[in-house]
Colleague: 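Below: one structure in structure tokens.
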Amino acid sequence: MLVDNPILKEDLEYVASQISSLGFKNSIFFITGATGLVGSLFSMSILYANDKYALGNKVIAHVRDKSKAESIFRSSSSLDYSVGDIRSGIDYDGSVDYIIHAASETKSKNMVSSPVETLLTTIEGTKNTLDFALNKKVKAFVYISSMEAFGDVDKQGRAKEEDLGYIDLTKARSSYPEGKRAAENMCCCYAHEYGVPVTVARLAQTFGAGVGKGDTRVFAQFARSVLENKDIVLHSLGKSCGNYVYTADALTSLFLLLKKGERANIYTVCNEESSMSIKEMADMVSSSVAGNKIKVVFDIPDDADKFGYAPDVRLRLDSSKLRSLGWKPCYSLKDSYIRLLEYWKN
């Protein structure tokens, strides 16, 4: 697979070596949400590894918009498409070895403006993908969940997978984290009742090469401030603790879970050294990444709720369960920003 961007190429080289070392050969990977960040990079890494190591793997990208997908992926004999809305089921006749279910709403504003659709995409989409996996008798299935499934955890120290906290069910935005919880449980139910070999990857906020310049999440806003030499503007006090993982590190965790993840188990994917408050991250970016050329300023709106900001959390995640399988993140939060900025510049 031809890759023009040098940072993305380095990342794909790194992930491709992991794919090869884990022994993925002549396998068929079915990826939902294949035009999203995680789904697209996962697909690209397989195609890149094929070219570099002659692995003979194939990608089936499940997408709603084939033209959008074709604008992301270059034509390849190892790539095919399954087109449709995940909420309506999956219509694909071929055999499948592995599934990555990454289809999900990811924009906070949509979680507030379209909470019903957000919830149904998660729940119906996951059920349809699990039914598909059961029918295809796949070797392994990884569901991409989110750290937001933890909710508001009141805990000293780091939270492990079982340390779930409060989610306010009266809030429209809870359609996202509560949907993720329900989908995680559905995965475990299918594993226990039907033997579907599914594990859950509960991802921390994932960013790096592959993120578009138009992304509206906090980390992207901070990165654009550096790129444009503008002050970082916080619309809250920045007390919420964030947990992060670099895109390529997240991808290696998914391939590892396909091989070594235990059925009906949940694994937190985060770089523990990157846990810090939003304010701490803003200060780090302004000083260490931007070299003190920009400042951190506050502009807190009176009607902040309508913007769909997640509630303040004190959550610091524990990734020891995933690390026990042999996973180790390679990129720090500062590295993530530097690589994202270099990716944008190229």
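Heavy-atom basis, side chains included; hydrogens, waters and symmetry copies ignored.
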Colleague: More than 12 heavy atoms of other residues, nucleotides or ligands under 6.0 Å from CZ of Arg64: yes or no?
Modeller: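 Open.
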Colleague: May I ask you to check if Arg217 and Phe207 form a cation-pi contact, with NZ or CZ under 6.0 angstrom from the six-membered ring centre and within 45° of the axis?
Modeller: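 No, Arg217 does not sit over the ring of Phe207.
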Colleague: For the residue pair Leu203 and Val38, establish whether any side-chain heavy-atom pair is separated by less than 4.5 Å.
Modeller: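 They are in side-chain contact.
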Colleague: One thing to verify: whether Arg224 and Asp215 come together as a salt bridge, which I'm taking to mean a side-chain N less than 4.0 angstrom from a carboxylate O.
Modeller: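 No, Asp215 and Arg224 are not salt-bridged.
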Colleague: Once rounded to the nearest 0.5 Å, what's the spacing between atom OG of Ser274 and atom CD of Gln205?
Modeller: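 Ser274 OG to Gln205 CD: 11.5 Å, rounded to 0.5 Å.
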Colleague: Ignoring hydrogens, what is the shortest heavy-atom contact between Val63 and Ala34? Give both atom names and the distance.
Modeller: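 Residues Val63 and Ala34, closest heavy atoms: CG1-CB, 3.9 Å.
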Colleague: Indicate yes or no: does Glu117 engage Arg87 in a salt bridge with an N to O separation below 4.0 Å.
Modeller: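 Salt bridge absent between Glu117 and Arg87.
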Colleague: Quick check: are there more than 12 heavy atoms from other residues, nucleotides or ligands sitting under 6.0 Å from CD of Glu228?
Modeller: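 Yes - once you tally the heavy atoms of other residues, nucleotides and ligands closer than 6.0 Å, there are more than 12.
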Colleague: Where do Glu13 and Tyr48 land on the side-chain hydrogen bond (donor to acceptor under 3.5 Å, both in side chains) test, with the steps shown first?
Modeller: CA-CA 8 Å; Glu13 288 268 1; Tyr48 191 92; 2.6 Å; yes
Colleague: Under 4.0 Å between a Lys/Arg side-chain N and an Asp/Glu carboxylate O for Asp152 and Arg314?
Modeller: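 Salt bridge flag = yes for Arg314 with Asp152.
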Colleague: Heavy atoms only: give me the nearest His192-Ala264 pair and the separation to one decimal.
Modeller: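 Shortest heavy-atom separation between His192 and Ala264 comes out as NE2-CB, 3.8 Å.
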Colleague: Side-chain contact, heavy-atom cut-off 4.5 Å: Lys279 with Phe298?
Modeller: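 Of all side-chain heavy-atom pairs linking Phe298 with Lys279, at least one is under 4.5 Å.
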Colleague: Say you draw a straight line from CG of Leu37 to CG of Leu251; how long is it, rounded to the nearest 0.5 Å?
Modeller: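 Here the interatomic distance stands at 8.0 Å.
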Colleague: Do Ile31 and Ile60 have side-chain heavy atoms sitting under 4.5 Å apart?
Modeller: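 Contact flag for Ile31/Ile60 side chains = no.
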Colleague: Measuring from Asp283:CG to Asn292:CG, what's the distance to the nearest 0.5 Å?
Modeller: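 Separation between the atoms: 10.0 Å.
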Colleague: Heavy atoms, side chains only, cut-off 4.5 Å: are Phe141 and Ile100 in contact?
Modeller: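 A side-chain contact is absent here, since even the closest heavy-atom pair is not under 4.5 Å.
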Colleague: Does CG in Asp65 sit with more than 12 non-hydrogen atoms of other residues, nucleotides or ligands closer than 6.0 Å?
Modeller: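 Atom CG in Asp65 is packed in, count exceeds 12.
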Colleague: Is any side-chain N of the basic residue among Lys295 and Asp231 closer than 4.0 Å to the acidic one's carboxylate O?
Modeller: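 A salt bridge is present here (some side-chain N lies under 4.0 Å from a carboxylate O).
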Colleague: Side chain to side chain donor-acceptor pair (under 3.5 Å): which pairs involve residues 20-44, sequence neighbours left out?
Modeller: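 Listed once each, the pairs are Thr32-His101.
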Colleague: Do Glu178 and Leu169 come close enough that some side-chain heavy atom pair is under 4.5 Å?
Modeller: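 The answer is yes; the side chains approach within 4.5 Å.
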Colleague: Below 4.5 Å, heavy atoms only, C-beta onward: do Asp318 and Thr268 meet side chain to side chain?
Modeller: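 Asp318 vs Thr268: side chains apart.
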Colleague: side-chain hydrogen bond (donor to acceptor under 3.5 Å, both in side chains) between Ser78 and Asn50: does it pass, once the steps are laid out?
Modeller: CA-CA 8 Å; Ser78 300; Asn50 272 0; 3.3 Å; yes
Colleague: Rounded to the nearest 0.5 Å, what separates atom CG in Leu254 from atom OH in Tyr267?
Modeller: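 Between Leu254 CG and Tyr267 OH, I get 13.0 Å after rounding to 0.5 Å.
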Colleague: Using a 3.5 Å distance criterion without hydrogens, assess whether the side chain of Asn135 forms a donor-acceptor pair with backbone atoms of Ala133.
Modeller: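 No, because the side chain of Asn135 does not come within donor-acceptor range (under 3.5 Å) of the backbone of Ala133.
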Colleague: Should Glu162 and Lys321 count as an ion pair when the cut-off is N to O under 4.0 Å?
Modeller: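 Between Lys321 and Glu162 there is no salt bridge, as every charged N stays at least 4.0 Å from the carboxylate O atoms.
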Colleague: Any non-hydrogen side-chain atom of Leu22 less than 4.5 Å from a side-chain atom of Leu256?
Modeller: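 With C-beta onward as the side chain, the pair touches.
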Colleague: Start with the C-alpha gap between Tyr98 and Phe30, add the side-chain angles, then the distance that decides, and say whether ring-ring contact (aromatic ring centres under 6.0 Å, His included) holds.
Modeller: CA-CA 6 Å; Tyr98 300 102; Phe30 191 95; over 10 Å; no
Colleague: Please name the pair of heavy atoms, one in Ala159 and one in Val153, separated by the smallest distance, quoted to 0.1 Å.
Modeller: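 The answer is CB-CG1, 4.4 Å.
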Colleague: Which residue in the set Tyr14, Tyr337, Tyr244 passes side chain to side chain contact (heavy atoms under 4.5 Å, CB included) when paired with Tyr331?
Modeller: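 Testing Tyr331 for a side chain to side chain contact (heavy atoms under 4.5 Å, CB included) against Tyr14, Tyr337, Tyr244 leaves exactly one candidate, Tyr14.
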Colleague: How would you list, by chain and number, every residue that makes a ring pair (Phe, Tyr, Trp, His ring centres under 6.0 Å) with Tyr53, sequence neighbours excluded?
Modeller: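 Residues passing ring pair (Phe, Tyr, Trp, His ring centres under 6.0 Å) with Tyr53: none at all.
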Colleague: Restricting to non-hydrogen atoms, name the atom on Ala191 and the atom on Val198 that form the minimum distance, rounded to 0.1 Å.
Modeller: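 So the minimum-distance heavy-atom pair works out to CB-CG1, 3.9 Å.
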Colleague: Drop me the distance from Asp131's CG to Thr126's OG1, to the nearest 0.5 angstrom.
Modeller: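 So the CG of Asp131 and the OG1 of Thr126 are separated by 11.0 Å.
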Colleague: Output yes when Glu148 and Lys180 qualify as a salt bridge under the 4.0 Å nitrogen-oxygen rule, no when they do not.
Modeller: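 Lys180 and Glu148: not salt-bridged.
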Colleague: On the ring face of Phe29, is Lys58 found with NZ or CZ under 6.0 Å from the centre and within 45° of the axis?
Modeller: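 Pair Lys58/Phe29 does not count as cation-pi.
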Colleague: State whether the number of non-hydrogen atoms from other residues, nucleotides or ligands found under 6.0 Å of Asp154 atom CG is greater than 12.
Modeller: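 Count not over threshold, so no.
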Colleague: Identify the heavy atoms of Glu161 and Arg202 that sit nearest to each other, and give their distance.
Modeller: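 Smallest heavy-atom distance, with atoms named: O-NH1, 3.0 Å.
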Colleague: Which distance, rounded to the nearest 0.5 Å, do you find between the CZ of Phe42 and the CG of Leu47?
Modeller: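 The CZ atom of Phe42 sits 11.0 Å away from the CG atom of Leu47.
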Colleague: Heavy atoms, side chains only, cut-off 4.5 Å: are Leu2 and Arg74 in contact?
Modeller: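 The answer is yes, as the side chains (C-beta and beyond) meet within the 4.5 Å cut-off.
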Colleague: Given side chain to side chain contact (heavy atoms under 4.5 Å, CB included), test Ile123 with Met186 step by step and report yes or no.
Modeller: CA-CA 8 Å; Ile123 294 175; Met186 192 185 301; 3.8 Å; yes
Colleague: Would you name the heavy atoms of Thr129 and Ile86 that are closest together and state the gap between them?
Modeller: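 For Thr129 and Ile86, the tightest heavy-atom pair comes out as OG1-CD1, 3.5 Å.
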Colleague: Report the residue from Asp299, Ile278, Ile300 that forms a side chain to side chain contact (heavy atoms under 4.5 Å, CB included) with Leu234.
Modeller: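 Of the listed residues Asp299, Ile278, Ile300, the side chain to side chain contact (heavy atoms under 4.5 Å, CB included) partner of Leu234 is Ile278.
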Colleague: With a 4.0 Å cut-off, would you call Lys345 and Glu342 a salt bridge?
Modeller: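 The answer is yes: the pair qualifies as a salt bridge.
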Colleague: State whether Arg316 and Glu272 are salt-bridged, where the test is any N-O pair (Lys NZ or Arg NE/NH1/NH2 against Asp/Glu carboxylate O) under 4.0 Å.
Modeller: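 Salt bridge absent between Arg316 and Glu272.
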